[in-house]
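Presented below is the structure to which this report refers.
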Amino acid sequence: LRVMFTPLQHDSGKRGGIIAVVADVTEQQQMEHQRREFVANVSHELRTPLTTIKSYVEALLDGAVEEKELSNRFLRVTMSETERMIRLVNDLLQLSRFDSQGVRLHCKEVDMNQMLRYAVDRFSMFSEQQEVTLALDIPKPLPSVYIDQDAINQVLDNLLSNAVKYTPQGGRVVVHAQIHAQNRVQISITDTGIGIPSRDLKRIFERFYRVDKARSRGQGGTGLGLAIARELVQAHGADIEITSELNAGTTVTFWVPLFQGGSAR
Ligand code: ADP
């Protein structure tokens with residue numbers, strides 16, 4: 001609480017009492033704190049790849065460029081760090097658009113069976129590379145859903161990429177979908193990966209919140225994937241949840257609305 005006292009004075013100079021203004025500034029302070037933290041995070045996230053790039057370019061200029069194999073390796077690191085910075089800036093721009101204009105959806109009737117098949121196909125090569133099996137489990141064909149296809153594809157991509165990224169060789173990722181009460185389809189992505197400690201779970205959807213920053217960066221992560229996924233799912237009026245057990249695996253579940261004939265939203 002902030003309390004401000006202003007003494008009242010008559011024209012004659014006589015004291016006329018006091019006005020006390022009591023303001024609750026907790027929320028304001030929290031927002032200011034979050035904003036500062038966010039700016040510090042962004043700066044740090046950009047400085048890390050820039051520092052790496054700088055040191056590799058320096059090494060090249062100092063002579064590494066003469067050695068073919070070495071220079072190749074250094075240039076590859078420079079390339080992947082640059083790509084990660086581009087992803088980071090794109091993610092940041094997307095989140096800042098959400099913050100200033102809200103999430104704009106263009107919903108239509110979509111075949112979720114097909115959409116999930118395509119999503120799994122997009123990740124077949126990556127999962128093979130990582131030696132993780134990837135399976136789709138739709139016990140009963142799903143009715144149409146009413147969604148923004150690009151938005152939900154992005155959610156699926158972010159979640160699938162995490163599931164494969166954070167699952168060691170020999171593990172398994174399963175995309176499961178079924179109809180759920182309250183006119184929704186429930187989609188869950190389960191992996192047998194490294195899991196998330198329970199103390200980190202409640203903050204995991206926050207921007208830049210990561211269990212292991214070095215590991216995330218090493219995998220090309222930006223720390224914004226889950227935050228963006230949550231914004232996109234919530235914009236559909238639906239929820240997203242995560243459950244996890246350390247060294248056992250993680251399940252992320254989200255819901256999307258069913259298509260209700262011509263009368264959908
Ligand atoms: P990142 O780019 O770091 O992957 P995300 O926002 O997608 O960013 O995820 C935030 C953090 O949540 C990750 O850094 C990781 O620590 C944790 N995480 C997300 N998905 C999984 C998963 N399937 N298994 C284990 N940890 C995960």
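Every heavy atom of this structure was used, including side-chain atoms; hydrogens, water molecules and symmetry mates were not. Each ligand, and each atom within it, is numbered from 1 in the order the structure gives.
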Do [X] and [Y] sit within salt-bridge range, that is, some charged N less than 4.0 Å from a carboxylate O?
X	Y	value
Glu83	Arg87	no
Arg230	Glu241	no
Arg210	Glu45	yes

Report all N/O contacts between ligand 1 and the protein shorter than 3.5 Å as a table of atom names and distances to 0.1 Å; if there are none, say 'none'.
residue: ligand 1; atom: 2 (O); partner: Thr222; partner atom: N; Å: 2.8
residue: ligand 1; atom: 2 (O); partner: Gly223; partner atom: N; Å: 2.8
residue: ligand 1; atom: 3 (O); partner: Tyr166; partner atom: OH; Å: 3.4
residue: ligand 1; atom: 3 (O); partner: Ser216; partner atom: OG; Å: 2.6
residue: ligand 1; atom: 4 (O); partner: Asn162; partner atom: OD1; Å: 3.2
residue: ligand 1; atom: 4 (O); partner: Lys165; partner atom: NZ; Å: 3.1
residue: ligand 1; atom: 4 (O); partner: Tyr166; partner atom: OH; Å: 2.8
residue: ligand 1; atom: 6 (O); partner: Gly225; partner atom: N; Å: 3.1
residue: ligand 1; atom: 6 (O); partner: Leu226; partner atom: N; Å: 2.8
residue: ligand 1; atom: 7 (O); partner: Asn162; partner atom: OD1; Å: 3.2
residue: ligand 1; atom: 7 (O); partner: Asn162; partner atom: ND2; Å: 2.8
residue: ligand 1; atom: 7 (O); partner: Leu226; partner atom: N; Å: 3.4
residue: ligand 1; atom: 8 (O); partner: Gly223; partner atom: N; Å: 3.4
residue: ligand 1; atom: 14 (O); partner: Tyr166; partner atom: OH; Å: 3.3
residue: ligand 1; atom: 16 (O); partner: Val211; partner atom: N; Å: 3.1
residue: ligand 1; atom: 20 (N); partner: Asn162; partner atom: ND2; Å: 3.4
residue: ligand 1; atom: 23 (N); partner: Asp191; partner atom: OD2; Å: 2.8
residue: ligand 1; atom: 24 (N); partner: Thr250; partner atom: OG1; Å: 3.4

Can I get a per-line list of side-chain donor-acceptor pairs under 3.5 Å for residues 242-256, giving both atom names and the distance, sequence neighbours left out?
residue: Ser244; atom: OG; partner: Ile196; partner atom: N; Å: 2.8
residue: Ser244; atom: OG; partner: Gly249; partner atom: O; Å: 3.1
residue: Ser244; atom: OG; partner: Thr250; partner atom: OG1; Å: 2.9
residue: Thr251; atom: OG1; partner: Thr190; partner atom: OG1; Å: 3.1
residue: Trp255; atom: NE1; partner: His180; partner atom: ND1; Å: 3.4
residue: Trp255; atom: NE1; partner: Gln186; partner atom: OE1; Å: 3.2

*For Glu58, all residues meeting salt bridge (Lys or Arg N to Asp or Glu O under 4.0 Å), sequence neighbours excluded*: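 In terms of salt bridge (Lys or Arg N to Asp or Glu O under 4.0 Å), with neighbours along the sequence ignored, Glu58 is linked to Lys54.
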*asked:* According to ring-ring contact (aromatic ring centres under 6.0 Å, His included), does anything in residues 47-105 pair up with another residue at least two apart or in another chain? List the pairs.
replied: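 Those involving residues 47-105 are Tyr56-Phe74.
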